[in-house]
Amino acid sequence: MLNVKRNIDVSKFYKLSAFLKRKSEGYKPKNAKVLTLDQIDKFLLEVPDKDFLMIKVALIFGVAGACRGKELHQLTISDVTDMDHALLVNVRNTKNNVDRNFIINNSNKNGIDLIEVCRKYMALRKPETTHSRFFVRYEKSQCTVQAIGKNTFGKIPQKVAEYLNLPNSTLYTGHCFRRTSASLLADSGASIDVWKRHGGWKSASVAEGYIENSINTKKIVADSIFGLGVGNSTESASAHQVSGSAVSASSASSTSSKNNILQNTIDGANRLLNIVNCSNVNIHVNINTNNKDL
């Protein structure tokens, strides 16, 4: 900001940079707390639609699409398409200028009909509403024509936490739904690339931070350390005997790819063994010198 306003490049003040770095040691930023899948299901199942239908829909949209509060605020009715079996939602004008879309379907493990919850809210929209904002105020089982403000979305996660009697409910800020979505996706074992596309992140460092804090990922690491991981199995090729010559090959590495192909071919009298696209492979060849054909 100083560089823009006063044309002062702070990076050239080395002593100041070192001083600020020392002062910032030990500082840990307060991130928004996240909701677990069980907490989300509990809220959707127990809370009455009469007073919380709009909050339910905002929760579904926010977690399904890793949405910021501003993105929910800017969502329009033309951004939501009902495809019978699912809802397609387009998110435009994002913070990092990366448009994205996501699907809402009924893949909930507890049988919650997420689509019908959203449809119920959409059907209550008044015909005389003059604006195109998707989210409108909801009071006493009815929607009004007034669009919901940006600050209201920032308080919705706190209301969810308060209903669930979660400690430190004020830490469930407007960024809660976005972090919850990313954390649930990381717990499912999704790769960083999938996670980045889902949330529209350009930086892998943010994605790696979520995966690092994933409990499910830590369990996989622990299983791998103590020999319980899937990747510790040893793949071996069966021995092939040709004209008195015994040829055996085995893979001694857990990182051997499924695409590695081991081929044994015999070309006439030359007795050639071709190995294609293999890595980390130990080859043991036993030759019978008593065979006159060799």
Side-chain angles (χ1 to χ4, degrees), residues 1-5 7 9-11 17 20-21 24 27-37 40 55 57-81 83 86-105 114 118 131-135 147-158 160-161 170-214 216-217:
M1 185 61 68
L2 282 175
N3 197 7
V4 175
K5 297 288 187 179
N7 196 26
D9 187 1
V10 181
S11 63
S17 299
L20 294 176
K21 185 176 181 180
S24 63
Y27 170 75
K28 294 182 179 180
K30 290 184 179 180
N31 293 323
K33 295 182 71 67
V34 300
L35 298 167
T36 65
L37 190 57
I40 294 173
I55 294 179
V57 177
L59 171 61
I60 294 171
F61 273 62
V63 174
C67 295
R68 304 176 178 90
K70 184 179 180 181
E71 294 169 350
L72 294 175
H73 168 66
Q74 294 177 340
L75 205 64
T76 65
I77 54 176
S78 61
D79 292 330
V80 182
T81 304
M83 303 188 301
L87 297 179
L88 174 64
V89 184
N90 295 302
V91 182
R92 314 178 195 275
N93 302 321
T94 62
K95 180 180 179 181
N96 50 8
N97 299 318
V98 177
D99 292 351
R100 63 185 192 277
N101 53 51
F102 61 92
I103 290 288
I104 297 175
N105 56 20
L114 303 178
C118 299
H131 59 82
S132 61
R133 293 285 174 82
F134 179 83
F135 282 100
I148 297 178
K150 181 176 64 176
N151 293 333
T152 301
F153 286 105
K155 298 177 181 178
I156 288 179
Q158 181 178 343
V160 175
T170 56
L171 296 181
Y172 292 84
T173 62
H175 208 55
C176 167
F177 293 160
R178 185 166 171 82
R179 295 197 71 242
T180 296
S181 179
S183 299
L184 292 176
L185 191 58
D187 280 334
S188 70
S191 66
I192 293 178
D193 290 336
V194 172
W195 191 89
K196 284 171 61 180
R197 288 195 299 268
H198 175 64
W201 282 279
K202 297 179 180 180
S203 171
S205 60
V206 181
E208 290 170 353
Y210 277 107
I211 294 179
E212 180 183 357
N213 294 325
S214 167
N216 189 54
T217 303

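Count residues from 1 along the sequence.
- R92 places no side-chain N or O within donor-acceptor distance of the main-chain N or O of D79, the cut-off being under 3.5 Å.
- When the side-chain hydrogen bond (donor to acceptor under 3.5 Å, both in side chains) test is applied to D9, the partners found at least two apart in sequence or on another chain are S11.
- Taking every heavy atom of both residues into account, G62 and L72 meet most closely at N-CD2, 4.2 Å.
- At least one side-chain heavy atom of V89 sits under 4.5 Å from a side-chain heavy atom of F61.
- You'll find the side chain of V57 reaches within 4.5 Å of the side chain of F134, heavy atoms only.
- When atom types are taken as modelled, the side chain of R178 and the backbone of A66 share a donor-acceptor pair closer than 3.5 angstrom.
- One N or O on the side chain of W195 and one on the backbone of A182 form a donor-acceptor pair closer than 3.5 Å.
- Within the 4.5 Å cutoff, no side-chain heavy atoms of C67 are placed close to those of F177.
- Taking OG1 of T76 as the reference point, atom CG of N90 lies at 9.0 Å (rounded to 0.5 Å).
- Using modelled atom types, one side-chain atom of E71 and one backbone atom of R68 make a donor-acceptor pair closer than 3.5 Å.
- A distance-only check finds a donor-acceptor pair linking the side chain of T180 to the backbone of L35 [under 3.5 Å].
- How far CG of L87 is from CD1 of I103: 8.0 Å, rounded to the nearest 0.5 Å.
- Within the model, atoms CZ of F153 and CD1 of I148 stand 4.5 Å from one another, a figure rounded to the nearest 0.5 Å.
- Shown here for S181 and H198, the closest heavy-atom pair between the two residues is OG-NE2, 2.9 Å.
- Checking side-chain atoms of D99 against main-chain N and O of N93 turns up a donor-acceptor pair under 3.5 Å.
- You'll find the side chain of T170 reaches within 4.5 Å of the side chain of Q158, heavy atoms only.
- Considering only heavy atoms from C-beta on, K33 stays 4.5 Å or farther from R179 through its side chain.
- Environment of NZ in K155: sparse, with no more than 12 heavy atoms of neighbouring residues, nucleotides or ligands closer than 6.0 Å.
- Note that OG of S188 is 8.0 Å distant from CG of L184, once rounded to the nearest 0.5 Å.
- With sequence neighbours excluded, the residues that form a side-chain hydrogen bond (donor to acceptor under 3.5 Å, both in side chains) with T94 are N96.
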